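Here is the structure we will look at, set down as structure tokens.
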Amino acid sequence: VFQNMTQYESSVDYFNKALKVDSLYHKNIGLYAMLIDNIAYSRLKLMDTVGILVSFKQSLKIRDSIDNKAGVIINKLHLADYYLLKNDTILALNELLGAKFLAEKYNSLGDLQKSLLVLAKIDYSNAEQHHLKYIALTDSLQKEERQIRNKFARIRFETEQHIIENKDLNTRNRNVLFILGIMATLFLLIYIIRSQRFKNQRLILLNKQQLANEEIYDLLIGSQNKLDEGKEKEKKRISKELHDGVLSKFFGVRLNLELLNNGISDETILQREKYIYELKQLENEIRDVSHQLKDNMFSTENSFIAITDELLNNQKNLGSFQFKLNSGDNIIWDEISNKVKINLYRIFQEALHNINKYSQARNVEITLKMDNKYLKIVVEDDGIGFDLNAKSDGIGHRNMKSRIKDLEGEIEITSNNSGTNIIMYIPLNKIYWDERTS
């Protein structure tokens, strides 16, 4: 660039810096030859001709040895300039003719143009011929240059058209993407709204189901209470009838017999004593029955245990299994909230349903215990078990887990070919009525 700008001192500096690259001669001999030729040419333009002929000839030799035709032509043109500066026209003409020959042979039109221009000035005998060739070549080059310029102008125009079209296309694409984004956002909002509505409806249905479960359980409790109340009334009535009616009559008969026991006949006396003894025995037996009826009135199971026992009896008939229901003495079911009892009842229903449907169990045991922290519930059977590593729980197990989670409790399910154990823990502060503190 500095050489083309005729800043030859700068060009010499940079050419020399390039020439100092380590082992350049061995790494790239063609580049080495080009550098020494250009250094010599820039010094020629600075009128510093000391030693430059050696550099020109060294470069020419290297380029000729590596068959660098373009480099040889340039070297010959530079040598011609050197010889012209030294006023050695013959040697300059010789180098120019050599450059012209190679330029024509290898169709190097720019170098041919340069050689013809100089030849027209120094080869007087053929000056007109060289001049005419120079003009023809210049016209040809100008025409080709115009064609290339027109070609590039057409390419530039077409490129600009493509750019404009691409901008329009990008604008349309951006508008389409914008519209699609708006539509996607609307669809997403609609989906979220519908999903939220569905969740709200589901919550409403769950609340209604919970209320219905509580009402059903209250009805079951009420029914059981009515049944227990009827039983107790009937027991009291029977006890009263036995005590006040039959027992009184027997007592009266016994007294009469004792009064009549003054008969003279020994046989009569013995017979009466026998009847009196039997009446006493009957009186004692009726009194015991009466007392037992009264005592049993206070020993009946509470309603939840009675309902669970009835559930087990019903499922036992369907599945042909034997069952045990164990409830800790320290559990006061009347103080436990209906929500807990409802969920436990539903869990027992689901567990017994699964036992009847899948387990082939012969024995089922339900145990309820209470300690200082938890109400512990265990449902176990001796069936064939099921695969705990299945991809997903059945809806029954999901419902069990959901109910225990709703009570803020924990559930553990273990199963193998010897049976299945379901262990649940419910915190004490979640089992009582709201007004009671744990």
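Residue numbers start at 1 and run along the sequence shown. From a predicted model like this one, the values you see are computed outputs, not experimental measurements. Side chains are part of it too, since the values below use all heavy atoms of this structure and drop only hydrogens, waters and symmetry mates.
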Inset, instruction - Locate the shortest heavy-atom distance separating Ile411 from Lys401; write the atom from each residue and the value. - result: CG2-CG, 3.8 Å
Legend entry - Value rounded to 0.5 Å, distance of CG in Asp381 from CD in Gln360: 11.0 Å
Legend entry - Lys/Arg-Asp/Glu bridge criterion (N-O < 4.0 Å) met for Lys339, Asp406: yes
Legend entry - Presence of salt bridge, Lys100 and Glu104, under 4.0 angstrom: yes
Legend entry - Contact summary for Val340 and Ile431, nearest pair of heavy atoms: CG2-CA, 3.5 Å
Inset, instruction - List the atom of Asp382, the atom of Arg362, and the distance in Å for their closest heavy-atom pair. - result: OD1-N, 2.9 Å
Legend entry - Backbone of Ala33 reached by a side-chain donor or acceptor of Ser59 within 3.5 Å: yes
Inset, instruction - Could you label the plane-to-plane angle of the Tyr25 and Tyr32 rings as parallel, tilted or perpendicular, counting under 30° as parallel and over 60° as perpendicular? - result: perpendicular
Inset, instruction - Look at the side chain of Asn75 and the backbone N and O of Phe56, then say whether any donor-acceptor pair between them is shorter than 3.5 Å. - result: yes
Legend entry - Leu186 vs Leu188, side chain to side chain contact (heavy atoms under 4.5 Å, CB included): CA-CA, chis, key distance, verdict: CA-CA 5 Å; Leu186 289 174; Leu188 181 61; over 6 Å; no
Inset, instruction - Take His130 and Lys121 through the side chain to side chain contact (heavy atoms under 4.5 Å, CB included) test and state the conclusion after the steps. - result: CA-CA 9 Å; His130 293 319; Lys121 293 178 182 179; over 6 Å; no
Legend entry - Sidechain-backbone polar pair: Asp111 side chain, Ala99 backbone, donor-acceptor under 3.5 Å: no
Legend entry - Distance-only polar pair, side chains of Asp123 and Ser125, donor-acceptor under 3.5 Å: yes
Legend entry - Whether Lys27 side chain and Asp22 backbone form a donor-acceptor pair below 3.5 Å: yes
Inset, instruction - Taking the six-membered ring of Tyr83 (Phe, Tyr or Trp), confirm whether the NZ or CZ of Lys86 is under 6.0 Å from its centre and within 45° of its axis. - result: no
Inset, instruction - For residues 356-386, pull every pair meeting ring pair (Phe, Tyr, Trp, His ring centres under 6.0 Å), keeping only residues two or more places apart or in separate chains. - result: Tyr374-Tyr425, Phe386-His397
Inset, instruction - Spell out, as yes or no, whether a donor-acceptor pair under 3.5 Å connects the side chain of Lys45 to the backbone of Gln3. - result: no
Inset, instruction - Check whether any side-chain N or O of Asn28 sits under 3.5 Å from a backbone N or O of Leu24 as a donor-acceptor pair, and report yes or no. - result: no
Inset, instruction - Output yes when a side-chain donor or acceptor of Asn166 lies under 3.5 Å from a complementary backbone atom of His162, and no otherwise. - result: yes
Inset, instruction - Without swapping roles, check the side chain of Asp64 against the backbone of Leu60 for a donor-acceptor pair under 3.5 Å. - result: no
Legend entry - Backbone N/O of Asn399 and side chain of Ser402: donor-acceptor pair under 3.5 Å: no
Legend entry - N/O donor-acceptor pair under 3.5 Å between Ser140 side chain and Ala136 backbone: no
Legend entry - Between OG on residue Ser11 and CG on residue Asn16, distance to nearest 0.5 Å: 9.5 Å
